Amino acid sequence: MCKCALAEALFPGGKTPEELELAYPERGLPEGAAVTRFSPSPTGFLHLGGLFGALTDATLAQNTGGVFYVRVEDTDKKREIADGVRGLLDGLAAYGLLPEEGVVGVGREAGKYGPYTQSKRIEIYHAYAKRLVEQGIAYPCFCTEERLSALRAEQEQTNVNTGYYGTWACCRDLPAQEQLRRLQAGEPYTLRLRSPGVEGRKITVQDQIKGKLELPENIMDVVLLKTNGVPTYHFAHAVDDHLMRTTHVIRGDEWVASLPLHIQLFGVLGFRAPKYCHTPTLMKEENGGKRKISKRKDPEAATSWFWEQGYPPEAVLEYLMTLMNSDFEAWRRAGPDAPLAAFPFRLQRMSVSGALFDVAKLTDVSKNVIARMSAAQSYAGLLGWANTYDPAWAALLTREEAFAAAMLDIDRGGKKPRKDLARWNEAKTAYQYFFDALHDPAFQLPAHIAAADAEAILRAYAPLYDPEDDKDAWFGKIRGICAGLGFCPDVKLFKTDPSAWKGHVGDASGVIRLAVTGRENTPDLCAVMRLLGGERVRQRLQGAMLQMAGKERGA
RNA sequence: GGCCCGGUGGUCAAGCGGCUAAGACACCGCCCUUUCACGGCGGUAACACGGGUUCGAUUCCCGUCCGGGUCACCA
């Protein structure tokens, strides 16, 4: 018999499911095109796991010529923070993953399957809820929180499974008159599913990542609509992903436990269930063990952390890709400049178990990513980072743009590019000697070089120095002064009898490097000196001589 | 605790009944080299354990142990 009276009392008027079906038709995409979605709750920031999911969503959609959209799941106001959507969207945008459909800006939506914000879809949920009530598949439950916890306590005591199900579901079979009466009395209620599940029965589901899953059928009369009329995640998921014609639900594997419920919901609503893809949880190492990356304890849980540290977004993406499909690295090696979207991603190749997030590996990937950039790209990346985290440094870079780009261009490109930068926040210390404002002229000689010898090298070299010299001429001059000062001009020769010399050309050029840059290691010194320019180099050479002389007196 | 899922070097991982058990990162050594970085070569290091099935198990089955997830009017 139809529970039409009850349904009408609960949800007067409104659209019918049939009307909604018409309003949100099939997308008419070609066979195999995946429709995916990223559906965060607006907690204000993009979690690393969220980025991982969004990247998977976007990649699958791109790969299959499908659609990727964003839906905001704001059904829990307790969770929500002010302006929470902005942080999420900014996060996505920073990684180039902001799609064209769904919530595309704060208060901005695009696409024909909206609204894409769950709080704006209440009537839609109610239309389906009403139908379920008519069919006797959903019912109002008047149990209070106290009632529920008493129930739970009793179940725990008698050692039976806790939950609202079977004979424990006391509101399940309330007489129609009582339902109506309590409704009219204004008693608060939740709407519950009258679960058709049978205890002990199993269902099997084909997960696109995990393969065949055997799970117990859902028997819980779960809440579909909360007291305030807002749907729970489960109900909203079924309605939305059906109406928005999602083909692949990609989400963290903490959801597999509720998979039986979701399958059941799609069933009672008469929807075809989407393909489920449960991704492994990203873990982190902590004193020998693994654990889920936590928002509270781990700064790297928020994707903004990587940006703060200066990891280029594309590096984070590349690293995540290697976690998604481990053959990504080989593919990248084969085509260093191929766009990410061209990678033949396969869900089935995704790992099943939780992977440790390895910062050392990310560092390596990041070095490669930065090394592949052009000087202009790396300048833009560095400046973008400095703009928000080191404005003074950014101002300097902006004022001397051409110079800074030239600096970043040293040893870049070619077969063996330098890979000494993994993060933009390392650049300032790595390159400080290029800027007088940052340069510290004081330096420490290596133990095996005496101050007197260092001074002699500088004295001999300074008058010879010509900023116009090419690399051969430049090195020839350094080699030239060696012999007269007791340094071997040839490293190989030196090695045959080290005791015969004070050192070798490498030591001589090392002293010059120290004098000019204050560091023992730099990119190609000749190029560095040419960029620095004659005047600056002479000054530093001069200053270094004084410094050495001072040391000798002190010693 | 119930229910799921998983267990190959320190990490990420190939592997799908027969292999000297790939590769990458990290680490160590050597080479190249005016420094460093890059690059090249080499090295240390793994199938959790116990039973089956099989001519043969890392691979299939069962148990143990370990790890993870989940049991809300949160998502």
Side-chain angles (χ1 to χ4, degrees), chain A residues 39-43 73-76 78-79 118 141 143-145 148-149 152 156 159-164 188-192 207 210-211 213-216 220 222-228 230-234 236-237 251-260 278 280-281 283 285 288-292 319 322-323 325-330 333 349 351-365 367 371 411 414-421 430 446 474-475 478-479 482 489-491 504-514 517 519-526:
Chain A
S39 49
S41 59
T43 49
E73 312 219 325
D74 58 346
T75 54
D76 182 19
K78 291 188 292 289
R79 243 174 120 93
Q118 291 183 330
C141 166
C143 292
T144 59
E145 257 178 71
L148 259 17
S149 49
R152 158 175 289 270
E156 274 165 3
N159 243 321
V160 304
N161 291 154
T162 57
Y164 205 82
Y189 69 93
T190 59
L191 193 75
R192 283 187 187 271
D207 184 278
K210 295 189 178 293
L213 259 24
E214 194 177 272
L215 303 162
M220 296 293 163
V222 295
V223 171
L224 264 21
L225 257 27
K226 309 181 219 176
T227 320
N228 59 5
V230 172
T232 54
Y233 168 86
H234 313 291
H237 154 54
R251 47 150 54 163
D253 63 4
E254 66 268 23
W255 288 108
V256 330
S258 39
L259 194 47
H278 289 99
T281 315
M283 317 282 274
E285 195 271 327
K290 278 186 181 185
R291 57 148 240 262
K292 197 174 172 178
Y319 173 61
T322 69
L323 251 30
N325 273 189
S326 65
D327 52 342
F328 175 81
E329 282 186 272
R333 230 179 290 277
R349 282 195 72 87
S351 167
V352 177
S353 47
L356 272 193
F357 190 90
D358 185 356
V359 179
K361 180 80 182 185
L362 169 64
T363 298
D364 180 67
V365 171
K367 279 183 182 176
D411 286 354
K415 283 269 166 289
K416 300 176 176 182
R418 290 189 74 79
K419 294 183 182 174
D420 42 11
L421 234 47
W474 172 85
F475 191 55
I478 298 177
R479 203 187 279 267
C482 279
D490 185 279
V491 183
H504 58 75
V505 243
D507 295 310
S509 63
V511 169
I512 297 170
R513 169 176 286 109
L514 236 18
T517 70
R519 313 178 127 253
E520 286 192 53
N521 54 300
T522 69
D524 178 34
L525 220 211
C526 176

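Keep in mind that what you see is a predicted model, and the values were worked out from it rather than measured. A, B, ... follow the sequence lines: proteins, then strands. Residue 1 opens every chain.
A donor-acceptor pair is defined here as one N or O able to donate and one able to accept, closer than 3.5 Å; such a pair exists between the side chain of A:Asp76 and the backbone of A:Lys78. Put simply, the side chain of A:Tyr319 never gets that close to the backbone of A:Asp364: no donor and acceptor are under 3.5 Å apart.
Partners of A:Pro446 by side chain to side chain contact (heavy atoms under 4.5 Å, CB included), not counting sequence neighbours, listed by chain and number: A:His448, A:Ile449, A:Leu514. Residues passing the side chain to side chain contact (heavy atoms under 4.5 Å, CB included) test with A:Thr232, sequence neighbours excluded: A:Val223, A:Lys226, A:His234, A:Phe235. Under the rule for a side chain to side chain contact (heavy atoms under 4.5 Å, CB included), the partners of A:Lys367 that lie at least two apart in sequence or sit in another chain are A:Thr363, A:Lys419, A:Ala422. The side chain to side chain donor-acceptor pair (under 3.5 Å) test applied to A:Glu73 returns A:Arg71, A:Gln118, not counting sequence neighbours. The side chain to side chain contact (heavy atoms under 4.5 Å, CB included) test applied to A:Ser351 returns A:Ser353, not counting sequence neighbours.
Annotation for A:Ile478 and A:Ala508: closest pair CG2-CB, 4.1 Å, computed over non-hydrogen atoms.
B:rU20 and B:rG69 are spaced 39 Å apart, taking the P atom of each and rounding to whole Å. B:rG68 and B:rC73 are spaced 28 Å apart, taking the C1' atom of each and rounding to whole Å. Separating the C1' atom of B:rU53 from that of B:rC60 is a span of 8 Å, rounded to the nearest Å. Nucleotides B:rG7 and B:rC47, compared at atom P, are 15 Å apart to the nearest Å. Taking atom C1' in both B:rU64 and B:rC38, the straight-line distance is 50 Å, to the nearest Å. B:rU11 and B:rC61 are spaced 25 Å apart, taking the P atom of each and rounding to whole Å. For the P atoms, the distance from B:rU58 to B:rC49 is 10 Å, rounded to whole Å. Taking the P atoms as reference points, B:rC3 lies 15 Å from B:rC62, given to the whole Å.
Across all strands shown, A:Val491 has heavy atoms under 4.0 Å from sugar-phosphate atoms exclusively, and none from any base. A:Leu323 comes within 4.0 angstrom of the backbone, heavy atoms only, and of no base. Among the heavy atoms of the strands, none lies under 4.0 Å from A:Cys482. A:Thr363 comes within contact range of no nucleotide atom at all, as no heavy-atom separation falls under 4.0 Å. Here A:Thr227 lies in heavy-atom contact (under 4.0 Å) with a base. At the heavy-atom level, A:Asp524 lies under 4.0 Å from base atoms of the strands shown. Among the atoms of the strands shown, none is found under 4.0 Å from any heavy atom of A:Arg519. Contacts of A:Glu520 with the nucleic acid, taken as non-hydrogen atoms under 4.0 Å apart, include base atoms. Nucleic acid contact class of A:Ser326 (heavy atoms, under 4.0 Å, all strands): sugar-phosphate only. When heavy atoms are screened at a 4.0 angstrom cut-off, A:Thr75 is found touching the sugar-phosphate backbone but no base atom. Residue A:Met220 is out of contact with every strand shown, counting any heavy-atom pair closer than 4.0 Å.
Nucleotide B:rC32 forms a pair with no other nucleotide shown, judged by Watson-Crick or G-U wobble geometry with both contacts under 3.5 Å. Using N1 to N3 plus N6-O4 or O6-N4 for Watson-Crick, or N1-O2 and O6-N3 for G-U wobble, each under 3.5 Å, B:rG67 pairs with B:rC5. B:rC60 is paired with B:rG52 under the Watson-Crick or G-U wobble criterion, all donor-acceptor distances under 3.5 Å. Of the nucleotides present, B:rG23 is the one that pairs with B:rC12 by Watson-Crick or G-U wobble criteria, both distances under 3.5 Å. Pairing for B:rC47 is absent, judged as Watson-Crick or G-U wobble with the two contacts each under 3.5 Å.
The NE2 atom of A:His237 sits 8.0 Å away from atom OG of A:Ser258, with the distance rounded to the nearest 0.5 Å.
Protein chain A contacts RNA chain B over a range whose 5' and 3' limits, counting nucleotides with an atom under 4.0 angstrom from a non-hydrogen atom, are B:rC3 to B:rA75.
Comparing A:Trp474 and A:Thr144 by the nucleotide of RNA chain B that holds the closest heavy atom to each, the one mapping nearer the 5' end is A:Trp474. Judged by closest nucleotide on RNA chain B, A:Phe357 is the one of A:Phe357 and A:Arg513 placed further toward the 5' end.
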